[in-house]
Amino acid sequence: MDLQREQIERQFDRAAATYDSVASLQRQMADRLLAKMPSTFDGQLVDLGCGTGDLLQKLAHRTTATNLTGVDISSAMLEQTRLRVPQARLIKSDIASLPVAENVFRWAVSNAAIQWCDSGAVFSELRRILQPGGKAFLSTFGPGTMKQWRETLASVSGDDRVHSFLTIEQLKAQLKAAGFASVESKTEMVDIQFDSVRAMFDSVRKLGATNARRDRPTGLSGRKWLQQVTDAFEETRDSNGLITLTYECCYLFAH
Ligand SMILES: C[S@@+](CC[C@H](N)C(=O)[O-])C[C@H]1O[C@@H](n2cnc3c(N)ncnc32)[C@H](O)[C@@H]1O
(Lines give C-alpha, C1' and ligand atoms only; values in the text may rest on other atoms or scores of the structure.)
Protein backbone atom coordinates (compact mmCIF):
# COMPACT_ATOMS: atom_id res chain seq x y z
CA MET A 1 0.00 0.00 0.00
CA ASP A 2 1.42 3.36 -1.02
CA LEU A 3 0.09 5.99 1.36
CA GLN A 4 0.83 9.66 0.94
CA ARG A 5 2.20 10.73 4.30
CA GLU A 6 1.74 14.44 3.67
CA GLN A 7 -1.85 13.95 2.61
CA ILE A 8 -2.52 11.93 5.76
CA GLU A 9 -0.99 14.73 7.84
CA ARG A 10 -3.20 17.32 6.10
CA GLN A 11 -6.39 15.27 6.39
CA PHE A 12 -5.88 14.74 10.14
CA ASP A 13 -4.92 18.41 10.65
CA ARG A 14 -8.26 19.29 9.05
CA ALA A 15 -10.17 16.69 11.10
CA ALA A 16 -8.66 17.55 14.52
CA ALA A 17 -11.49 19.91 15.56
CA THR A 18 -14.31 17.53 14.53
CA TYR A 19 -12.75 14.13 15.26
CA ASP A 20 -14.08 13.66 18.81
CA SER A 21 -17.69 14.35 17.77
CA VAL A 22 -17.73 11.24 15.52
CA ALA A 23 -15.14 8.91 17.09
CA SER A 24 -17.50 6.65 19.08
CA LEU A 25 -16.10 3.46 17.51
CA GLN A 26 -12.53 4.60 18.23
CA ARG A 27 -13.53 5.24 21.88
CA GLN A 28 -15.03 1.74 22.07
CA MET A 29 -11.78 0.30 20.69
CA ALA A 30 -9.72 2.32 23.20
CA ASP A 31 -11.88 0.90 26.00
CA ARG A 32 -10.98 -2.63 24.86
CA LEU A 33 -7.29 -1.73 25.19
CA LEU A 34 -7.81 -0.08 28.58
CA ALA A 35 -9.59 -3.20 29.85
CA LYS A 36 -6.44 -5.25 29.13
CA MET A 37 -4.10 -2.82 30.88
CA PRO A 38 -3.19 -2.66 34.58
CA SER A 39 -5.29 -0.29 36.67
CA THR A 40 -2.13 1.44 37.92
CA PHE A 41 1.38 1.28 36.52
CA ASP A 42 4.88 2.75 36.73
CA GLY A 43 7.34 3.31 33.93
CA GLN A 44 7.16 5.26 30.70
CA LEU A 45 4.29 4.76 28.23
CA VAL A 46 4.03 5.89 24.60
CA ASP A 47 0.84 6.30 22.55
CA LEU A 48 1.59 5.91 18.82
CA GLY A 49 -0.82 8.04 16.76
CA CYS A 50 -2.32 9.63 19.90
CA GLY A 51 -4.78 11.83 17.96
CA THR A 52 -6.73 14.18 20.24
CA GLY A 53 -5.32 12.53 23.39
CA ASP A 54 -8.42 10.76 24.72
CA LEU A 55 -6.55 7.53 25.53
CA LEU A 56 -3.62 9.38 27.13
CA GLN A 57 -6.06 11.38 29.25
CA LYS A 58 -7.65 8.14 30.52
CA LEU A 59 -4.21 6.61 31.16
CA ALA A 60 -3.21 9.70 33.16
CA HIS A 61 -5.60 8.43 35.89
CA ARG A 62 -3.56 5.20 36.12
CA THR A 63 -0.06 6.63 36.36
CA THR A 64 1.80 9.93 36.67
CA ALA A 65 1.02 12.06 33.62
CA THR A 66 4.76 12.82 33.28
CA ASN A 67 5.19 9.11 32.42
CA LEU A 68 3.19 9.66 29.24
CA THR A 69 4.39 10.41 25.71
CA GLY A 70 2.16 10.94 22.68
CA VAL A 71 3.36 10.74 19.09
CA ASP A 72 1.39 11.91 16.07
CA ILE A 73 2.09 13.13 12.56
CA SER A 74 -0.55 15.89 12.83
CA SER A 75 0.29 19.13 14.70
CA ALA A 76 -3.41 19.98 15.06
CA MET A 77 -4.11 16.60 16.69
CA LEU A 78 -1.15 17.09 19.06
CA GLU A 79 -2.50 20.53 19.98
CA GLN A 80 -5.75 18.86 21.13
CA THR A 81 -3.72 16.38 23.20
CA ARG A 82 -1.74 19.22 24.76
CA LEU A 83 -4.99 20.80 26.00
CA ARG A 84 -6.17 17.50 27.51
CA VAL A 85 -2.94 16.17 29.02
CA PRO A 86 -0.63 19.18 29.52
CA GLN A 87 2.03 17.18 31.41
CA ALA A 88 2.48 14.59 28.64
CA ARG A 89 5.54 14.80 26.39
CA LEU A 90 4.44 15.22 22.77
CA ILE A 91 6.43 14.36 19.67
CA LYS A 92 5.45 15.25 16.12
CA SER A 93 6.74 12.34 14.07
CA ASP A 94 5.92 9.51 11.72
CA ILE A 95 5.48 6.48 14.01
CA ALA A 96 7.30 4.34 11.45
CA SER A 97 10.49 6.32 12.16
CA LEU A 98 10.69 7.59 15.72
CA PRO A 99 13.22 10.16 17.03
CA VAL A 100 13.46 8.21 20.29
CA ALA A 101 16.34 6.22 21.84
CA GLU A 102 16.02 2.47 22.25
CA ASN A 103 14.68 0.74 25.40
CA VAL A 104 12.93 3.86 26.72
CA PHE A 105 9.37 2.65 27.25
CA ARG A 106 7.87 -0.07 29.38
CA TRP A 107 4.42 0.30 27.81
CA ALA A 108 3.06 1.17 24.37
CA VAL A 109 -0.47 1.73 23.13
CA SER A 110 -1.78 2.55 19.69
CA ASN A 111 -5.48 2.87 18.94
CA ALA A 112 -6.88 2.98 15.40
CA ALA A 113 -3.72 4.52 13.89
CA ILE A 114 -1.45 1.76 12.51
CA GLN A 115 -3.72 1.18 9.50
CA TRP A 116 -2.44 4.51 8.12
CA CYS A 117 1.19 3.35 8.19
CA ASP A 118 3.66 0.73 7.09
CA SER A 119 2.80 -1.53 10.05
CA GLY A 120 5.94 -3.68 9.67
CA ALA A 121 8.10 -0.56 10.10
CA VAL A 122 5.98 0.62 13.07
CA PHE A 123 6.39 -2.75 14.82
CA SER A 124 10.20 -2.69 14.29
CA GLU A 125 10.30 0.78 15.85
CA LEU A 126 8.05 -0.41 18.67
CA ARG A 127 10.38 -3.31 19.43
CA ARG A 128 13.38 -0.92 19.40
CA ILE A 129 11.91 1.67 21.78
CA LEU A 130 10.35 -0.85 24.22
CA GLN A 131 12.43 -2.22 27.08
CA PRO A 132 12.93 -6.00 27.23
CA GLY A 133 9.71 -7.35 28.77
CA GLY A 134 7.80 -4.26 27.63
CA LYS A 135 4.19 -4.63 26.56
CA ALA A 136 2.18 -3.27 23.63
CA PHE A 137 -1.61 -2.90 23.45
CA LEU A 138 -2.64 -2.22 19.87
CA SER A 139 -5.78 -1.85 17.82
CA THR A 140 -6.25 -1.33 14.10
CA PHE A 141 -8.66 -2.26 11.31
CA GLY A 142 -8.83 -5.43 9.20
CA PRO A 143 -9.93 -6.12 5.61
CA GLY A 144 -13.63 -6.45 6.49
CA THR A 145 -13.63 -2.72 7.23
CA MET A 146 -16.06 -0.59 5.17
CA LYS A 147 -16.92 -3.55 2.96
CA GLN A 148 -20.20 -1.85 1.96
CA TRP A 149 -18.14 1.15 0.77
CA ARG A 150 -15.89 -1.12 -1.26
CA GLU A 151 -18.84 -2.97 -2.82
CA THR A 152 -20.85 0.17 -3.56
CA LEU A 153 -17.97 2.04 -5.15
CA ALA A 154 -17.03 -1.01 -7.19
CA SER A 155 -20.60 -1.17 -8.50
CA VAL A 156 -20.48 2.51 -9.53
CA SER A 157 -17.04 2.95 -11.02
CA GLY A 158 -15.42 -0.47 -11.12
CA ASP A 159 -12.87 0.43 -8.45
CA ASP A 160 -13.00 0.19 -4.67
CA ARG A 161 -11.37 3.47 -3.53
CA VAL A 162 -10.99 1.96 -0.08
CA HIS A 163 -7.80 1.76 1.88
CA SER A 164 -6.15 -1.71 1.87
CA PHE A 165 -6.02 -3.40 5.27
CA LEU A 166 -3.84 -6.31 6.44
CA THR A 167 -5.39 -9.39 8.06
CA ILE A 168 -4.89 -10.06 11.76
CA GLU A 169 -2.68 -13.03 10.80
CA GLN A 170 -0.46 -10.79 8.67
CA LEU A 171 -0.21 -8.26 11.53
CA LYS A 172 0.68 -11.02 14.00
CA ALA A 173 3.37 -12.32 11.64
CA GLN A 174 4.81 -8.79 11.36
CA LEU A 175 4.93 -8.45 15.16
CA LYS A 176 6.70 -11.81 15.47
CA ALA A 177 9.15 -10.82 12.71
CA ALA A 178 9.86 -7.58 14.60
CA GLY A 179 10.92 -9.65 17.64
CA PHE A 180 7.83 -9.86 19.86
CA ALA A 181 7.81 -13.14 21.81
CA SER A 182 4.13 -13.50 22.43
CA VAL A 183 1.17 -12.03 20.55
CA GLU A 184 -2.45 -12.47 21.58
CA SER A 185 -5.06 -11.27 19.09
CA LYS A 186 -8.76 -10.89 18.57
CA THR A 187 -11.06 -9.42 15.92
CA GLU A 188 -14.57 -8.05 16.24
CA MET A 189 -17.02 -6.93 13.52
CA VAL A 190 -18.90 -3.76 14.43
CA ASP A 191 -21.77 -2.26 12.41
CA ILE A 192 -22.21 1.51 12.44
CA GLN A 193 -25.55 2.77 11.14
CA PHE A 194 -26.52 6.07 9.55
CA ASP A 195 -29.89 7.51 8.64
CA SER A 196 -28.61 9.18 5.48
CA VAL A 197 -25.79 8.90 2.96
CA ARG A 198 -24.82 12.48 3.79
CA ALA A 199 -24.49 11.60 7.50
CA MET A 200 -22.24 8.68 6.57
CA PHE A 201 -20.00 10.83 4.32
CA ASP A 202 -19.86 13.57 7.00
CA SER A 203 -18.81 11.09 9.64
CA VAL A 204 -15.99 9.64 7.53
CA ARG A 205 -14.80 13.17 6.63
CA LYS A 206 -14.89 14.44 10.24
CA LEU A 207 -12.81 11.43 11.31
CA GLY A 208 -10.15 12.33 8.74
CA ALA A 209 -10.64 8.87 7.27
CA THR A 210 -10.63 9.84 3.62
CA ASN A 211 -8.64 7.68 1.25
CA ALA A 212 -4.93 8.43 0.89
CA ARG A 213 -3.89 5.80 -1.64
CA ARG A 214 -1.53 7.29 -4.20
CA ASP A 215 -3.02 5.05 -6.90
CA ARG A 216 -6.61 6.08 -6.21
CA PRO A 217 -8.49 6.56 -9.47
CA THR A 218 -9.26 10.11 -10.58
CA GLY A 219 -11.36 9.54 -13.74
CA LEU A 220 -14.96 9.66 -12.60
CA SER A 221 -15.20 12.47 -10.06
CA GLY A 222 -17.07 15.51 -8.78
CA ARG A 223 -20.82 15.89 -8.63
CA LYS A 224 -21.70 13.14 -11.07
CA TRP A 225 -19.63 10.60 -9.14
CA LEU A 226 -21.10 11.72 -5.81
CA GLN A 227 -24.65 11.43 -7.11
CA GLN A 228 -24.01 7.94 -8.47
CA VAL A 229 -22.45 6.80 -5.21
CA THR A 230 -25.28 8.36 -3.18
CA ASP A 231 -27.87 6.56 -5.32
CA ALA A 232 -26.00 3.25 -4.94
CA PHE A 233 -25.83 3.64 -1.14
CA GLU A 234 -29.56 4.48 -1.05
CA GLU A 235 -30.13 0.99 -2.51
CA THR A 236 -28.39 -0.55 0.52
CA ARG A 237 -30.90 0.79 3.11
CA ASP A 238 -32.17 -2.01 5.37
CA SER A 239 -35.77 -2.64 6.47
CA ASN A 240 -35.39 0.04 9.18
CA GLY A 241 -34.29 2.56 6.57
CA LEU A 242 -30.69 2.62 7.83
CA ILE A 243 -27.40 2.48 5.94
CA THR A 244 -24.69 0.28 7.50
CA LEU A 245 -20.90 0.46 7.43
CA THR A 246 -19.10 -2.51 8.96
CA TYR A 247 -15.71 -2.20 10.66
CA GLU A 248 -13.39 -5.13 11.42
CA CYS A 249 -11.65 -4.11 14.64
CA CYS A 250 -8.35 -5.94 15.28
CA TYR A 251 -6.69 -6.10 18.70
CA LEU A 252 -3.10 -7.22 19.31
CA PHE A 253 -1.49 -7.61 22.73
CA ALA A 254 2.23 -8.24 22.44
CA HIS A 255 5.30 -8.52 24.64
C1 LIG B 1 -8.10 7.52 13.60
S2 LIG B 1 -6.98 8.57 14.44
C3 LIG B 1 -6.84 7.74 16.02
C4 LIG B 1 -6.42 8.71 17.09
C5 LIG B 1 -6.36 8.17 18.51
N6 LIG B 1 -5.38 7.11 18.65
C7 LIG B 1 -7.70 7.75 19.04
O8 LIG B 1 -7.76 6.73 19.73
O9 LIG B 1 -8.69 8.45 18.82
C10 LIG B 1 -5.43 8.17 13.67
C11 LIG B 1 -4.28 9.07 14.14
O12 LIG B 1 -3.06 8.54 13.62
C13 LIG B 1 -2.26 9.61 13.16
N14 LIG B 1 -1.35 9.11 12.14
C15 LIG B 1 -1.65 8.59 10.92
N16 LIG B 1 -0.53 8.19 10.29
C17 LIG B 1 0.50 8.46 11.13
C18 LIG B 1 1.91 8.27 11.05
N19 LIG B 1 2.49 7.71 9.98
N20 LIG B 1 2.67 8.67 12.09
C21 LIG B 1 2.10 9.24 13.19
N22 LIG B 1 0.76 9.43 13.34
C23 LIG B 1 -0.01 9.03 12.31
C24 LIG B 1 -3.25 10.64 12.63
O25 LIG B 1 -2.71 11.94 12.56
C26 LIG B 1 -4.39 10.50 13.65
O27 LIG B 1 -4.23 11.40 14.72
Side-chain angles (χ1 to χ4, degrees), residues 1-37 45-60 68-85 88-100 107-126 129 136-142 145-146 162-166 190 192 203-214 245 247-252:
M1 182 171 45
D2 188 15
L3 288 174
Q4 290 174 289
R5 217 174 57 101
E6 281 150 33
Q7 187 183 330
I8 292 173
E9 185 178 339
R10 270 200 307 276
Q11 75 196 39
F12 281 106
D13 276 345
R14 274 198 300 268
T18 52
Y19 179 83
D20 286 328
S21 68
V22 283
S24 55
L25 174 62
Q26 287 72 9
R27 298 286 60 82
Q28 189 179 313
M29 292 166 76
D31 286 344
R32 299 268 190 278
L33 300 185
L34 286 165
K36 281 289 216 178
M37 297 183 69
L45 176 143
V46 65
D47 182 347
L48 302 179
C50 62
T52 56
D54 181 85
L55 184 51
L56 280 178
Q57 187 179 30
K58 287 175 179 150
L59 288 165
L68 302 176
T69 297
V71 184
D72 205 284
I73 204 169
S74 155
S75 309
M77 286 287 191
L78 287 172
E79 203 39 56
Q80 300 286 326
T81 300
R82 186 175 305 287
L83 296 172
R84 280 174 120 138
V85 203
R89 178 171 161 235
L90 301 180
I91 302 173
K92 177 174 159 55
S93 169
D94 183 348
I95 59 174
S97 172
L98 291 163
V100 173
W107 310 94
V109 294
S110 182
N111 187 52
I114 291 167
Q115 71 280 0
W116 293 107
C117 314
D118 172 351
S119 46
V122 174
F123 297 155
S124 296
E125 281 294 79
L126 192 53
I129 64 171
F137 301 82
L138 314 170
S139 76
T140 184
F141 294 103
T145 298
M146 299 176 91
V162 176
H163 203 90
S164 324
F165 299 95
L166 298 186
V190 179
I192 307 283
S203 163
V204 173
R205 183 178 48 78
K206 287 177 180 172
L207 282 171
T210 40
N211 190 323
R213 267 172 50 171
R214 199 190 295 275
L245 271 189
Y247 287 82
E248 180 180 353
C249 305
C250 300
Y251 302 93
L252 297 139

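These figures come from a predicted structure and were not determined experimentally. In listed order, ligands and their atoms are each counted from 1.
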List, pair by pair, the atoms of ligand 1 and of the protein that are both N or O and lie under 3.5 Å apart, giving the separation rounded to 0.1 Å.
residue: ligand 1; atom: 6 (N); partner: Gly49; partner atom: O; Å: 2.7
residue: ligand 1; atom: 6 (N); partner: Asn111; partner atom: O; Å: 2.8
residue: ligand 1; atom: 8 (O); partner: Arg27; partner atom: NH2; Å: 3.0
residue: ligand 1; atom: 8 (O); partner: Asn111; partner atom: ND2; Å: 2.8
residue: ligand 1; atom: 9 (O); partner: Tyr19; partner atom: OH; Å: 2.8
residue: ligand 1; atom: 9 (O); partner: Arg27; partner atom: NH1; Å: 3.3
residue: ligand 1; atom: 9 (O); partner: Arg27; partner atom: NH2; Å: 3.2
residue: ligand 1; atom: 19 (N); partner: Asp94; partner atom: OD1; Å: 2.9
residue: ligand 1; atom: 20 (N); partner: Ile95; partner atom: N; Å: 3.0
residue: ligand 1; atom: 22 (N); partner: Ile73; partner atom: N; Å: 3.1
residue: ligand 1; atom: 25 (O); partner: Asp72; partner atom: OD1; Å: 2.5
residue: ligand 1; atom: 27 (O); partner: Asp72; partner atom: OD1; Å: 3.3
residue: ligand 1; atom: 27 (O); partner: Asp72; partner atom: OD2; Å: 2.7

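- More than 12 heavy atoms of other residues, nucleotides or ligands sit less than 6.0 Å from atom CZ of Arg27.
- Leu55 has its side chain within reach of Leu34: a pair of non-hydrogen atoms, C-beta onward, lies under 4.5 Å apart.
- With Leu48 as the partner, the side-chain contact (heavy atoms from CB on, under 4.5 Å) test is satisfied by one option alone out of Thr69, Ile114, Leu138, Leu126: Leu126.
- Distance alone, capped at 3.5 Å, places no donor-acceptor pair between the Gln57 side chain and the Val85 backbone.
- Between the Asn111 side chain and the Ser139 main chain, no donor and acceptor come within less than 3.5 Å of each other.
- Shown here are the side chain to side chain donor-acceptor pair (under 3.5 Å) partners of Asp94, two or more places apart in sequence or in another chain: there are none.
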